[in-house]
Amino acid sequence: MTQAPKSVESPAASPADLANVANIYAEVAQRSARLLTRYLDRHARHGVSAASDDVGVAKAFMDLSAHFLAHPFKLAQTQMNMMWDYVSLWQHTSLKMLGVPVSPLATPDKGDKRFAHADWENNALFDFMKQSYLLSARHVHAAVSDLEGLDPLTQNKVNFFTRQYLNALSPSNFALSNPEVFRETLNTRGENLLRGFNNLLHDLEAGDGTLRIRMTDTQAFELGRNVATTPGKVVFQNELMQLIQYTPTTPSQYKRPLLIVPPWINKYYILDLREKNSLVKWATDQGHSVFIMSWVNPDARLAHKTFEDYLREGTLAALDAVCQISGEKEVNAAGYCLGGTLLMTTLAYLAATRDRRIASATFFTSLVDFSDPGELGVFVDEASVSALEKKMAERGFLEGSEMAGTFNLLRANDLIWSFVVNNYLMGKDPFPFDLLYWNSDSTRMPYAMHSFYLRKMYLENALRKAGGITLAGVKIDVAKVKVPCYFISTIEDHIAPWKTTYAGALLPRGPVRFVLGGSGHIAGIVNPPAANKYGYWTNESLPALADDFLAAATAHDGSWWTDWHQWLLALPAGNAQVPARVPGSGPLPVIEDAPGAFARFRLDLQRPVAHDSAPA
């Protein structure tokens with residue numbers, strides 16, 4: 001018969017152990033006092049804010065309740081099915097406790113790391129808790145899915161927030177029902193929970209009363225030292241961005257410079273994270289003359305900046321500077337995520353003004369058609385956007401932590417609950433991880449720009465409509481874009497669903513190559529050839545439906561980077577070369593070393609109230 005894990009015999013606590021516990025108690029006392037003082041002071045000055053429901057969760061679940069009241073039979077049927085599954089589970093557990101080999105009734109999904117510890121399977125008690133949870137979650141989710149009478153947006157909200165609720169209730173998130181935490185608590189005599197409480201207070205203190213979960217040790221990284229290390233110089237800047245030109249590593253470079261437009265939701269250096277997975281370094285080593293934009297982390301002084309300003313002072317200003325520095329009349333451009341949306345808008349603007357300086361465009365997981373934005377659509381409806389606009393109007397920007405929190409919810413088990421367990425239950429400090437360092441490096445967005453983006457792109461899907469958007473007096477029409485375009489999307493993308501990016505790839509009228517990579521929004525793009533991971537699919541034709549594209553696609557091993565490079569070289573005059581361009585040798589002087597001041601500014605290292613400290 002299997003039993004609950006027992007504690008391992010250990011010697012009595014040493015004086016050093018007792019001193020360590022005393023130090024932790026002292027830190028807990030000091031942090032608690034500071035937090036309580038701040039809490040009382042804040043509420044004395046500002047009062048208590050009433051709870052709000054900006055996303056409309058309460059209304060969605062009221063509609064769900066009304067549906068169940070109108071269809072009691074379905075709820076009763078779900079309860080009956082769940083009861084029979086529990087009877088089977090009791091039988092299964094009884095047999096397992098008697099040593100009889102039995103197959104599990106419920107198993108975690110592939111890739112679910114919550115139940116990786118051996119005791120979840122080997123120990124009958126923890127196996128029962130795991131399967132009980134999985135069965136309950138399955139029935140609850142089935143009960144609220146695909147309900148007749150609910151509009152699609154309400155249904156999506158119910159599905160999404162039910163999943164958040166179920167994720168939160170996982171037995172892996174509680175000390176007594178997580179075997180790994182249970183063992184650690186016994187072996188350390190509860191010191192792990194004390195350390196975890198201290199970590200919790202630390203994160204509350206860092207967020208000035210709002211929980212800011214640490215995902216990594218931010219002190220382990222420094223831009224320019226062990227992340228964003230590719231040598232380069234800032235050669236141009238204005239209020240919205242700095243332009244970085246990278247130092248060549250080949251004696252000659254391709255004649256057309258490569259301008260990369262990253263998203264301003266996060267920092268550019270996801271494309272220059274480490275030497276071994278830096279797309280910037282890889283492209284430079286292939287002989288490309290690489291330029292990348294580094295967006296400002298805005299404050300209230302830039303609240304008035306619009307999407308049109310991001311066009312004028314962003315992509316168009318960068319294009320002017322690259323052409324001036326290189327002396328070339330044609331540039332290859334690439335945009336990542338939101339940067340790709342801006343790049344397509346720029347191409348339509350240039351097409352309308354008969355400006356042919358961009359010879360080709362590449363889109364990394366970029367939405368042009370927003371008809372199905374995936375689960376992000378849960379947060380973008382008229383009521384939600386209006387509530388968000390009210391908040392942004394008060395302070396002049398969208399706080400970076402709010403956007404980061406939304407993205408983290410899309411993968412809550414990996415990006416929230418795993419750190420709750422590690423930091424607060426196991427009492428461990430977060431592991432140094434460069435990708436999570438970047439992920440924690442959030443950025444703000446100006447009020448005017450973000451309001452326009454949410455309304456015109458998500459609510460109205462206006463970019464795909466001829467003349468749906470007007471910028472700088474020019475009606476934007478993506479159908480007029482005729483330059484060669486390369487779209488790379490990823491099959492597991494939860495931010496820019498690949499079938500929706502595929503719909504956007506059908507809009508421009510020039511030659512288009514669509515490539516579907518493995519993995520997700522980040523790992524599928526930051527996928528260097530040396531890693532030989534994930535693979536990708538190609539199809540020389542572009543059928544009307546994304547499913548038809550994939551059904552007839554050819555699978556390839558390795559990285560899409562090599563396919564993209566060959567596509568660039570195959571363009572007319574794509575392989576022409578010139579002597580390597582050294583930053584500062586052109587008409588624009590060097591301002592500072594890469595990664596530059598705009599990228600170095602981190603919100604999580606600032607006091608939360610210091611909203612006017614970002615570089616302008």
Side-chain angles (χ1 to χ4, degrees), residues 108-113 258 260 262-263 270-286 288 332 334-337 339-340 360-368 372 374 410-411 414-415 433-436 438-439 484-506 511-543 545-571 574:
D109 292 335
K110 182 180 179 180
D112 189 341
K113 302 175 183 177
L258 173 63
I260 301 177
I270 186 60
L271 298 176
D272 186 31
L273 204 58
R274 289 171 292 162
E275 184 175 345
K276 67 179 183 180
N277 67 358
S278 169
L279 186 143
V280 164
K281 185 180 188 308
W282 183 86
T284 302
D285 289 344
Q286 305 313 302
H288 292 282
N332 292 319
Y336 191 177
C337 189
S360 76
T362 301
F363 301 90
F364 307 157
T365 61
S366 301
L367 289 171
V368 178
D372 182 9
L410 300 181
R411 293 178 55 205
D414 292 332
L415 297 178
F433 187 17
D434 50 10
L435 178 60
L436 292 177
W438 167 84
N439 191 60
C485 292
Y486 185 105
F487 284 80
I488 169 67
S489 296
T490 55
I491 197 166
E492 298 174 7
D493 199 329
H494 60 290
I495 294 175
W498 82 267
K499 292 182 181 181
T500 313
T501 62
Y502 183 85
L506 300 177
V512 172
R513 181 172 179 80
F514 186 91
V515 176
L516 181 62
S519 196
H521 192 74
I522 300 298
I525 298 301
V526 185
N527 181 27
N532 195 30
K533 294 171 66 176
Y534 306 132
Y536 59 97
W537 294 266
T538 61
N539 189 336
E540 300 307 316
S541 64
L542 290 179
L545 299 178
D547 288 331
D548 293 339
F549 169 91
L550 184 57
T554 301
H556 305 269
D557 294 330
S559 171
W560 62 269
W561 290 13
T562 53
D563 181 82
W564 171 54
H565 178 60
Q566 292 303 317
W567 177 82
L568 286 174
L569 298 189
L571 296 173

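Note that the structure is a prediction, hence the values are computed from the model and not measured. Note that the numbering runs from 1 along the sequence shown for the chain.
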Leu258 versus Ala283, closest heavy-atom pair with distance: CD2-CB, 4.3 Å
Considering all heavy atoms of both residues, which atom of Trp537 and which atom of Ala553 are nearest to each other, and what is their separation? CB-CB, 3.9 Å
CG (Asn277) and CG (Asp434) are apart, to the nearest 0.5 Å, by 6.5 Å
Where do Val515 and His556 land on the side-chain contact (heavy atoms from CB on, under 4.5 Å) test, with the steps shown first? CA-CA 10 Å; Val515 176; His556 305 269; over 6 Å; no
Quick one: closest heavy-atom pair of Ser366 and Gly335, and the distance? OG-O, 3.5 Å
Which of these passes side chain to side chain donor-acceptor pair (under 3.5 Å) with Thr362: Tyr486, Tyr336, Trp564? Trp564
Any donor-acceptor N/O pair, Asp557 side chain to Asn532 backbone, under 3.5 Å: no
Is Ile270 close to Ile525 at the side-chain level, that is, under 4.5 Å between some pair of heavy atoms? no
Is there a side-chain contact between Thr562 and Trp282, using heavy atoms and a 4.5 Å cut-off? yes
Nearest 0.5 Å, please: how far is CG in Asp563 from NE2 in His565? 11.0 Å
State the CD-CD distance between Gln566 and Gln286, to the nearest 0.5 angstrom. 9.5 Å
Derivation and outcome, side-chain contact (heavy atoms from CB on, under 4.5 Å), residues Thr490 and Tyr536: CA-CA 8 Å; Thr490 55; Tyr536 59 97; over 6 Å; no
For a quick test of reading the model, state the closest non-hydrogen atom pair linking Ala361 to Trp567 and the distance between them. O-CH2, 4.0 Å
Report the distance from atom CG of Leu273 to atom CG of Leu279, rounding to the nearest 0.5 Å. 12.0 Å
Flag side-chain contact, heavy atom, 4.5 Å: Leu568 against His288: yes
How many angstroms lie between CH2 in Trp438 and CG in Asp272, if you round to the nearest 0.5 Å? 13.0 Å
What pair of heavy atoms forms the shortest contact from Gly504 to Phe487, and how long is it? O-CZ, 4.2 Å
Do Leu550 and Leu516 have side chains that get closer than 4.5 Å, going by heavy atoms? yes
How many angstroms lie between atom CG of Asp548 and atom CG of Leu542, to the nearest 0.5 angstrom? 11.5 Å
Result block: side-chain N/O donor-acceptor pairs under 3.5 angstrom for residues 491-503, not counting sequence neighbours:
from: Asp493; atom 1: OD1; to: Ile495; atom 2: N; distance (Å): 2.8
from: Asp493; atom 1: OD1; to: Ala496; atom 2: N; distance (Å): 2.9
from: Asp493; atom 1: OD1; to: His521; atom 2: ND1; distance (Å): 3.0
from: Asp493; atom 1: OD2; to: His521; atom 2: ND1; distance (Å): 2.7
from: Lys499; atom 1: NZ; to: Asp547; atom 2: OD1; distance (Å): 2.8
from: Thr500; atom 1: OG1; to: Asp372; atom 2: O; distance (Å): 2.5
from: Thr501; atom 1: OG1; to: Ser489; atom 2: OG; distance (Å): 2.5
from: Thr501; atom 1: OG1; to: Trp498; atom 2: O; distance (Å): 2.8
from: Tyr502; atom 1: OH; to: Pro543; atom 2: O; distance (Å): 2.5

Measure the acute angle between the ring planes of Phe514 and Phe549, then classify it against the limits of 30° and 60° as parallel, tilted or perpendicular. perpendicular
Start with the C-alpha distance between Trp560 and Phe364, add both sets of side-chain angles, then the distance that settles side-chain contact (heavy atoms from CB on, under 4.5 Å), and finish with yes or no. CA-CA 11 Å; Trp560 62 269; Phe364 307 157; 3.6 Å; yes
Main-chain N/O of Asn527 paired with Ser559 side-chain donor or acceptor, under 3.5 Å: yes
Residue pair Thr554, Glu540: steps toward the side-chain contact (heavy atoms from CB on, under 4.5 Å) verdict: CA-CA 9 Å; Thr554 301; Glu540 300 307 316; over 6 Å; no
